[in-house]
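In each ligand, atom 1 is the first atom listed, and ligand 1 is the first ligand listed. The chain is numbered in sequence order, starting from 1.
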Amino acid sequence: MVPGDALRDDQRRGLAALFGDAVRFDEPLAPRTSMRVGGPAAALVNICDVGSLIALLDFCQSQGVVWTILGLGSNVLVHDEGFAGIVIRLGGSFTAIAITGTIMHAGGAAPIAAVCRQAAQYGLRGAEPLVGVPGTVGGAIRMNAGTNVEIGDLVRRVEVVSAGKDVRAVTLPEFSYRSSTLARDAVVCAADLELQRGDPVEVRRELRRRIQERNASQPLELPNSGSIFRNPAGDHAARLIESAGCKGWHCGGAEVSPKHANFIVNRGGATCADVLELIERVRAAVKRDSGIELETEVHVL
Ligand SMILES: Cc1cc2nc3c(=O)[nH]c(=O)nc-3n(C[C@H](O)[C@H](O)[C@H](O)COP(=O)(O)OP(=O)(O)OC[C@H]3O[C@@H](n4cnc5c(N)ncnc54)[C@H](O)[C@@H]3O)c2cc1C
C-alpha cells in the first residue's frame with residue numbers, strides 16, 4: 001500500500017473522466033481475495049496497458065491518493081471497513097506469456113498456474129516448485145513466493161512502473177525468504193524467468209506429484225490465504241502452532257485448520273476482524289509455548 005489520503009468526491013469524478021468503464025466505485029474486495037473477507041475499495045481500476053498504468057499512478061501521485069495493487073489476492077487480507085483508496089488490477093497485455101529459448105517473458109498479471117502450464121507445454125523445467133501457488137507473477141515477485149525453489153531463483157529481469165516515473169524501468173530486486181527489495185511503489189509489469197530444457201513428460205509428472213501433495217496437506221476446500229505466518233529460522237510455523245495446541249481454535253467463522261496448522265480457513269461468514277483476532281491469539285500462544293514470536297506472512301490492506 002502506498003501512503004496517501006482517502007478518495008474525495010472530486011477525485012472520483014476525475015478518475016471516472018480519465019478511466020471510464022475501467023473504474024468501479026465501492027467495489028467489494030472479499031470476492032477478489034482467497035480468504036473471502038473484508039470490505040470494498042473506494043475505487044478499483046482495471047488496467048490493461050503500460051500507458052494507462054503510468055497515467056493512473058500519475059493521477060494517484062498528483063492527487064495524493066493512497067493506492068495499492070492487487071494480484072489474485074492470495075496473500076492479502078482486507079479490513080472489514082475496506083480500502084479507502086484506489087486498488088489497481090492488471091489485466092489485458094499484462095497476462096501475456098512468451099517463450100524464447102529457455103527464457104519465459106511473463107506479464108505481471110500472468111497466473112503462476114499459466115507459467116507452470118506453458119513451461120510444461122514447451123518442455124521447460126524449473127518452474128515446477130511454484131505449481132499450486134495461486135497468485136500472479138507480480139504478486140509472487142513481491143513475496144518471493146515458492147517452496148524449495150522460490151521465484152527469485154528464476155527471475156533474471158523485472159520490468160516495473162513506479163509512481164512519478166514516466167517510463168517502464170528494468171530492475172533486478174534482491175530476494176530473500178518471502179520478501180524482495182522491490183520498491184514499495186513499483187508495479188511489476190513483466191519479468192523474465194530463466195528455465196531449463198527438460199522432458200515434457202517428466203515435467204508434467206512432477207507438476208502432478210506436487211499438486212497431489214498440496215491437495216493432501218492443505219485445506220484447499222475452504223477459503224484461506226495460504227501460510228499465515230513466516231517460518232522462523234530453522235523451524236516451521238505449523239509445527240510451533242500445533243505444539244502450542246492451537247489447531248482447531250476458532251474465532252467467529254475463522255478457524256486454525258485442523259489439516260494444516262499454519263492455515264486459517266474461513267468456515268463461512270468470517271470477518272477480517274475474526275481472522276486478525278485469531279492470528280493474535282495464535283501468536284501469543286506460540287510465544288508462551290516456545291518463546292518464539294511468529295511474524296505474519298500475509299499482507300493486511
Ligand atoms: C492455498 C494457497 C497456497 C499458497 N502456497 C504458497 C506457497 O507454496 N508458497 C508461497 O510463497 N506462497 C504461497 N501462497 C501465498 C500466495 O499465493 C503468494 O504469496 C502469491 O505469490 C501472491 O500472489 P497474488 O497475485 O495473489 O498477490 P496478492 O495476494 O494479490 O498480493 C500480494 C502482495 O503483492 C503485491 N502485488 C501484487 N501484484 C503486484 C504487482 N504486479 N507488482 C507489485 N506488487 C504486486 C500486493 O500489493 C501485495 O502486497 C499460497 C496461498 C494460498 C491461498
May I ask you to check whether over 12 heavy atoms, not counting those of D10, lie within 6.0 Å of atom CG? yes

Please say whether more than 12 non-hydrogen atoms of neighbouring residues, nucleotides or ligands are located less than 6.0 Å from CD in E221. yes

Sorted by chain and residue number, the salt bridge (Lys or Arg N to Asp or Glu O under 4.0 Å) partners of R24 (sequence neighbours excluded) come out as E27

Could you grab the distance from atom CD of E280 to atom SG of C251, nearest 0.5 Å is fine? 11.0 Å

Could you give all pairs that pass the ring pair (Phe, Tyr, Trp, His ring centres under 6.0 Å) test and reach residues 68-103, with sequence neighbours left out? none

Taking non-hydrogen atoms within less than 4.0 Å of ligand 1, which protein residues qualify? S34, T68, I69, L70, G71, L72, G73, S74, N75, V76, L90, V133, P134, G135, T136, G138, G139, A140, R142, M143, A145, G146, T147, R178, A186, V187, V188, R214, Q218, L220, N224, S225, G226, H299

Which pairs pass side-chain hydrogen bond (donor to acceptor under 3.5 Å, both in side chains) with one or both residues in residues 118-135, sequence neighbours excluded? R125-Q196

